[in-house]
Amino acid sequence: MGGLSMEHPWAFAFGLLGNVISFSSLLAPIPTFYRIFKSKSTEGFQSVPYVVALFSAMLWIFYALVKTGEGLLISINAAGCVIETVYIVMYLVYAPRKAKIFTAKIVVLLNIAGFGLIFLLTLFAFHGETRVVSLGWICVGFSVCVFVAPLSIIGRVIKTKSVEYMPFSLSLTLTLSAVVWFLYGLLIKDKYVALPNILGFTFGMIQMVLYMFYMNATPVVSDLKEGKEGLKMPAEEQVVVINVGMIEKSSGAVVRPVTEMVKAVPAAPGQQVMALDSARSFDVV
C-alpha cells in the first residue's frame, strides 16, 4: 500500500502533513549556520547530530526504495539528505582542523562504510519480502537508539529541577510529528514506520509533563554553578533524529552553541533538545 495512493486519502494527508512538519524542522538550523558563516568559526558546535541525521535519512530512502510506492518517505528524506549535506559541508569549511578530521572520520565510518555495509548485506544476502523486513528492522533499531537519547536530558531536568535544556515548544513538535508519522505508518500498514514513533510520542509526552512540573521550580544552585563542563552535554547525547519526522527544533528560534548555555539566564525557557531523523543541541529563547 503506497502512501501516495489517492485510494487512501487519509494516509496521503498524514504523510503530506508529516513532510511539512519535518521540512520546517530541517530548516531550523539555518540561524546557526548563518552565525557560523558570519563569524567564520563553528564556535563549539558539534557535527555529530548532522552526520547522524544524514545517515538516518539515507537509511529511510533505501527502505522506501526497496519497499516501493513510498514516495512521501522518499521526498522528505531526500530533502533531508540535501540539507544535512549542506550543513556538514559548511561545518567542514569553518571548523578547526581537529574538528574537521573528526567529522571526516565519522562521515566515512557511518555514512560511507556503515551504510555501504547495510546496503550490500540487504541487497545480496536477502531477497524479496525478506529484504524489506530485514531493512525495516534495521531502520527501527536505529530509530529506537536515537529516541533513547533524550533520557539523559530528562535525567538532567529532574536532577537540576530546571527546564533549561528542554523547551516546551520543541517537545510539543516532537510529539505532534511522532503522532502524524505513527498514523501514516498505521494507515499504510507499515509497522516499521509506526513503531519507532510510539517511542517518540512517549518521550515527547514525558518531556511536556516534566516541563509543566518544573517550569516554576527553583533550580538546584549547586548544579548550576558547576561551570561549563558541568552543563555541557557530551556530543553523543545531543543527537536527535526521527526516522521520518525529524523533529528537533522550532522555526523562529534563536540558536546558540552549547558552550553559551552556561551564560543563559536559568529562568529563560532554553534547553537542549533531541529529535528522529535529525537532532541538534541549541538554546532557544
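In what follows, residues are counted from 1 in the order of the sequence shown. Quick caveat, the model's predicted, so the values are computed rather than measured.
The two residues S47 and T103 have their closest heavy-atom pair at OG-OG1, 2.7 Å. The minimum heavy-atom distance linking A95 with K100 is given by the pair O-CE, 2.9 Å. Residues T42 and P96 come closest through the heavy atom pair OG1-CD, 3.5 Å. In terms of heavy atoms, A99 sits closest to Y91 at CB-OH, 3.8 Å. The minimum heavy-atom distance between I21 and S177, with the atom names listed, is CG2-CB, 4.1 Å. Here the closest heavy-atom approach between residue F201 and residue V179 is recorded as CD1-CG2, 3.4 Å.
Put simply, the side chain of K40 does not reach to within 4.5 Å of the side chain of V93, judged on heavy atoms. A heavy-atom distance below 4.5 Å is found between the side chains of F102 and V48. Residues F115 and F62 meet the side-chain proximity criterion, which asks for heavy atoms closer than 4.5 Å.
Under the rule for a side chain to side chain contact (heavy atoms under 4.5 Å, CB included), the partners of L121 that lie at least two apart in sequence or sit in another chain are L117. Taking the ring-ring contact (aromatic ring centres under 6.0 Å, His included) definition, one finds that F55 meets it with F142, sequence neighbours left out. Applying the side-chain hydrogen bond (donor to acceptor under 3.5 Å, both in side chains) criterion to D190, with sequence neighbours excluded, gives Y63, K67. Among residues two or more places apart in sequence or in another chain, the side chain to side chain contact (heavy atoms under 4.5 Å, CB included) test is passed with I61 by L65, N77, A78, C81. Taking T122 as the reference, nothing meets the side-chain hydrogen bond (donor to acceptor under 3.5 Å, both in side chains) condition, with sequence neighbours excluded. Evaluation of the side chain to side chain contact (heavy atoms under 4.5 Å, CB included) rule for I101 yields R97, K105 as partners, not counting sequence neighbours. When the ring-ring contact (aromatic ring centres under 6.0 Å, His included) test is applied to Y94, no partner is found at least two apart in sequence or on another chain. Here A79 pairs with F23, L26 under the side chain to side chain contact (heavy atoms under 4.5 Å, CB included) rule; sequence neighbours left out.
Between F119 and F124, the distance from one ring center to the other does not fall under 6.0 angstrom. Side-chain rings of F33 and Y87 approach one another, their centers coming within less than 6.0 Å.
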Requested in this report: Carefully, step by step, assess V193 and W60 under the rule side chain to side chain contact (heavy atoms under 4.5 Å, CB included).
Outcome: CA-CA 9 Å; V193 173; W60 284 102; 3.9 Å; yes
Give the intermediate values and the outcome of side chain to side chain contact (heavy atoms under 4.5 Å, CB included) for residues I88 and L92.
-> CA-CA 6 Å; I88 293 170; L92 288 171; 4.2 Å; yes
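Within the 3.5 Å criterion, the main-chain N or O of V52 finds no donor-acceptor partner in the side chain of S56. Listed for the S75 side chain is a donor-acceptor partner under 3.5 Å among the backbone atoms of L72.
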Side-chain donor-acceptor pairs under 3.5 Å in residues 132-141, sequence neighbours left out?
residue: S134; atom: OG; partner: T130; partner atom: O; Å: 3.1
residue: S134; atom: OG; partner: R131; partner atom: O; Å: 2.9

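Taking Ile, Leu, Val, Met, Phe, Trp and Tyr as hydrophobic and joining them when side-chain heavy atoms fall under 4.5 Å apart, one finds L109 isolated, its cluster having no other members. In this structure, V20 shares a hydrophobic cluster with no other residue, the cluster being traced through Ile, Leu, Val, Met, Phe, Trp and Tyr side chains under 4.5 angstrom apart. Grouping Ile, Leu, Val, Met, Phe, Trp and Tyr residues whose side-chain heavy atoms lie under 4.5 Å apart, directly or via other members, places V108 in a hydrophobic cluster with I112.
Follow the hydrophobic side-chain contacts under 4.5 Å out from F37 and you reach L27 in the same cluster. A single hydrophobic cluster is seen to contain both I158 and M208, as judged by linkage of ILVMFWY side chains at heavy-atom distances under 4.5 Å, directly or through other members. Hydrophobic clustering keeps M90 apart from Y34 (ILVMFWY residues linked when any side-chain heavy atoms are closer than 4.5 Å, directly or through intermediates). Taken together through direct or relayed side-chain contacts under 4.5 Å among Ile, Leu, Val, Met, Phe, Trp and Tyr, V180 and I74 form parts of separate hydrophobic clusters.
A distance of 5.0 Å separates CZ in F12 from CG in L16, rounded to the nearest 0.5 Å. Note that CD1 of I36 is 8.0 Å distant from OG of S41, once rounded to the nearest 0.5 Å. To the nearest 0.5 Å, atoms CG (L176) and CH2 (W181) are separated by 14.0 Å. Here the CD atom belonging to E70 is positioned 12.5 Å from the OH atom belonging to Y192, to the nearest 0.5 angstrom. One finds the CZ atom of F14 at 6.5 Å from the CG atom of L187 (value rounded to the nearest 0.5 Å).
Within 6.0 Å of atom NZ in K98, 12 or fewer heavy atoms from other residues, nucleotides or ligands are found, so the atom counts as exposed in its surroundings. Applying the 6.0 Å contact sphere to CE of M205 captures no more than 12 heavy atoms from other residues, nucleotides or ligands.
For the pairing with L54, the side chain to side chain contact (heavy atoms under 4.5 Å, CB included) check across I83, L110, T85 returns one residue only, T85.
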